[in-house]
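Take a look at the structure below.
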Amino acid sequence: MSDLNINEMIWQIIASIPEGKVTTYGQIARLTGYPNRARYVGSTLKKLPKDTSLPWHRVINGQGEIAFPPDTKAYKTQRYRLEEEGILFRKGKVPLSEFGWQD
DNA sequence: TGTATGACCCCAA
DNA sequence: GTTGGGGCCATAC
């Protein structure tokens, strides 16, 4: 029940990420008020339909890297979308300056 | 009911 | 700078 609320919060937060910016699973978890739910955020994203309008590609891990292995289709898709939005990669990582929310 | 797994994170060495 | 281990909690089997 409360997890339904969490899902909505997660969707709202992701939808509010500005174009050309990214954020991390941990940040999203914290903004929902549950600092330890970073893993749950990933689980939620995995369940999204492939035709979702949610900008899931703007969500990366705490290291500034894409959460998928580099040789996967999902990785390439995500990276391509980010680069289309003007986000540049440095050695496979996104610079901190591109993060939407920072503590 | 119990164990394993995952689009993660943090801290100590 | 890297590496390893613990923690987290919903799902799947």
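Labels below follow one simple rule: chain letters A, B, ... track the order of the sequence lines, proteins then strands, and each chain is numbered from 1.
Annotation: side chain to side chain contact (heavy atoms under 4.5 Å, CB included) contacts of A/T77 (sequence neighbours excluded): A/K73, A/R81. Partners of A/S43 according to the side chain to side chain contact (heavy atoms under 4.5 Å, CB included) rule, which considers only residues two or more places apart in sequence or in another chain, do not exist here. In this structure A/E65 satisfies the side chain to side chain contact (heavy atoms under 4.5 Å, CB included) test together with A/N61, A/Q63, A/K93, sequence neighbours excluded. Applying the side chain to side chain contact (heavy atoms under 4.5 Å, CB included) test to A/A15 and every residue at least two apart in sequence or in another chain returns A/L54.
Within the structure, the salt bridge (Lys or Arg N to Asp or Glu O under 4.0 Å) test picks out the following pairs touching residues 39-58 of chain A (sequence neighbours left out): A/R58-A/E85.
Rounded to a whole angstrom, the distance from the P atom of B/dA4 to that of C/dG6 is 15 Å.
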* Can you give one letter per nucleotide of nucleotides 3-9 of chain B, 5' to 3': B if a protein heavy atom sits under 4.0 Å from the base, S if only from the sugar-phosphate, - if neither? -> ---BBBS
